[in-house]
There are 2 protein chains.
Amino acid sequence: MLGLLSEGPASGYDLLKLFDVSLANVWPATQSQLYTELGKLADAGLVDVAAQGPRGRKEYTINERGLAELRHWITDVEPTRVVRSDMLLRVFFLAQVSPEQARSYLRRQAELATKQLEHIASIREFVERGDDNLSVYGRLALEYGLGLAESQRQWAEWAEGQIR
Amino acid sequence: MLGLLSEGPASGYDLLKLFDVSLANVWPATQSQLYTELGKLADAGLVDVAAQGPRGRKEYTINERGLAELRHWITDVEPTRVVRSDMLLRVFFLAQVSPEQARSYLRRQAELATKQLEHIASIREFVERGDDNLSVYGRLALEYGLGLAESQRQWAEWAEGQIR
DNA sequence: TACATCATGTAAGTGGTTACATGATTAG
DNA sequence: CTAATCATGTAACCACTTACATGATGTA
């Protein structure tokens, strides 16, 4: 939320829509959580309600403390080392299903990786022409996703062949 | 827990140690959570306490219902599509810090990927000679991790060069 | 006898999801 | 006037972490 607000004022509703086409691809969250979080940030004094609009709309702005907290999080807080993957977790236990089922599981993962590649391509169009910060840096994140999906596709196809 | 117990009876303590050198690399959890979860599984009737040992040791076994649930989870439950990455989340907001700091962040990620490659190599030795199911399938997961870390290293180095 | 290791648990709190609940405004 | 969209919130629950708490057993 702080990151998105660093690009300019927005309502919870605005942030929700922006979130869905950008950050949701690397950090899913629900409508409920976004609103709750905005409330907490306002209480904590990291964002302000700058204006009220029709339908109870509240326009939030990030303030100095919020910007400081955002920068602190980016530069001083280490990203978590391990990324959770229940896809990979299942792999450890593939001996518990038949070889056919195990191969089917891995084939499905290869297919999902291919779909993911297409999904990223569709987002690409969205972000392609945009010189705002989110678009510029979102493109870097996009390329990561591309490499990841490609790497996963190759691995899943290889792994499928490993099951005897 | 069900997956680990499918390889044979074990105490919470046994599972904890086994967990730390295997599953923890794809799904971190604390000692506290493992014990709590074992208790829940026993209450739910998916595992049984087969024997008691010294120091209050409880040896758990998975039963038919537990095995059925495990297989159901593997074959019928779709892995979550999006994997959370706070590393990638930060990338979206790198415009909020100086170009030097942004490059430094990405360089650090490249270094961490390299370290991760070394870490995986060390686990490899551990798992290398083992014909038990966990070792056999753990090796598949390991190769995934290898590809992922390599992909991340390349991306981070490329991305660093993109910051003007 | 002292230290390492084995061994289990609980309480408080945070992060996150699901489901519910409500209503105003605008465009066709 | 009616449907889509704008717009916000809460309650209950589950997953997970942090910190604390305790004690038995084997081994040097």
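Just so we're on the same page: letters track the sequence lines, and every chain starts at 1.
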**Student:** Between atom CG in B:L34 and atom P in C:dA7, what is the gap in whole Å?
**Tutor:** 15 Å

**Student:** Could you check how far CG of A:D20 sits from P of D:dA7, rounded to whole Å?
**Tutor:**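 Rounded to the whole Å, the gap is 15 Å.
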
**Student:** Between B:R57 and A:P54, which has a closest nucleotide on DNA chain C that is more 5'?
**Tutor:**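 Residue closer to the 5' terminus by nearest nucleotide: B:R57.
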
**Student:** Would you confirm whether B:R65, through its side chain, and B:A44, through its main-chain N or O, come within 3.5 Å as a donor-acceptor pair?
**Tutor:**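 Judged by distance alone, yes, a pair lies under 3.5 Å.
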
**Student:** Could you see if B:L88 belongs to whatever hydrophobic cluster contains A:L18? Use Ile, Leu, Val, Met, Phe, Trp, Tyr and a side-chain cutoff under 4.5 Å.
**Tutor:**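 Yes, B:L88 and A:L18 fall within the same hydrophobic cluster.
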
**Student:** Is any side-chain N or O of A:Y35 closer than 4.0 Å to OP1 or OP2 of D:dT8?
**Tutor:**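 For D:dT8, OP1/OP2 do have a side-chain N/O of A:Y35 under 4.0 Å.
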
**Student:** Rounded to the Å, how far apart are B:W27 CH2 and D:dC16 C1'?
**Tutor:** 10 Å

**Student:** Mind checking whether B:F93 and A:W73 have parallel, tilted or perpendicular rings, split at 30° and 60°?
**Tutor:** tilted

**Student:** Starting from C1' on C:dT10, measure out to CD on B:Q33 and report it in whole angstrom.
**Tutor:**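 The distance from CD of B:Q33 to C1' of C:dT10 comes to 15 Å, rounded to the nearest Å.
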
**Student:** Do NZ/NE/NH1/NH2 and the carboxylate oxygens of A:K115 and A:E118 come within less than 4.0 Å?
**Tutor:** no

**Student:** Verify the distance criterion only: is there a donor paired with an acceptor across the side chains of A:E160 and A:Y105 at less than 3.5 Å?
**Tutor:**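 No, no side-chain donor-acceptor contact under 3.5 Å.
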
**Student:** Within the structure, does a side-chain N or O atom of A:K40 lie under 4.0 Å from either OP1 or OP2 of C:dT14?
**Tutor:** no

**Student:** For the pair made of CG in A:D14 and P in D:dT8, what is the distance, rounded to whole Å?
**Tutor:**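 Spelled out: CG on A:D14 to P on D:dT8 is 8 Å.
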
**Student:** Map B:R84 and B:E59 onto DNA chain C by nearest heavy atom, then report which one ends up closer to the 5' terminus.
**Tutor:**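 Mapping each residue to its closest nucleotide by heavy atoms, the 5'-most match is B:E59.
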
**Student:** What integer distance in Å separates B:D43:CG from C:dG9:C1'?
**Tutor:** 14 Å

**Student:** Does A:K17 put a side-chain nitrogen or oxygen below 4.0 Å from OP1 or OP2 of D:dT5?
**Tutor:** no

**Student:** Ignoring hydrogens and angles, does a donor from either the side chain of A:T30 or the base of C:dT18 sit under 3.5 Å from an acceptor on the other?
**Tutor:** no

**Student:** Without decimals, in angstroms, what is the distance between B:L41 CG and C:dT8 P?
**Tutor:** 15 Å

**Student:** In terms of side-chain heavy atoms of B:K58, which of D:dC6, D:dG9, C:dT8 is nearest?
**Tutor:** C:dT8

**Student:** For B:Q31, answer base if it contacts any base atom (sugar-phosphate contacts may also be present), sugar-phosphate if it contacts only those atoms, and nothing otherwise; contact means non-hydrogen atoms under 4.0 Å.
**Tutor:** base

**Student:** Ignoring the backbone of A:R55, work out which of C:dT25, D:dG9, C:dT17 is nearest its side chain.
**Tutor:**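 Selected nucleotide: C:dT25.
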
**Student:** What's the closest nucleotide to the B:S32 side chain, out of D:dA19, D:dT8, C:dG16?
**Tutor:**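 Of all the options, the side chain of B:S32 is nearest to D:dA19.
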
**Student:** Nearest whole Å is fine: how far is C:dC6 P from B:L18 CG?
**Tutor:**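 Rounded to whole Å, this separation is 14 Å.
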
**Student:** Side chain of A:S11 only, heavy atoms from C-beta on: which candidate in D:dC16, D:dT17, D:dT8 is closest?
**Tutor:** D:dT8

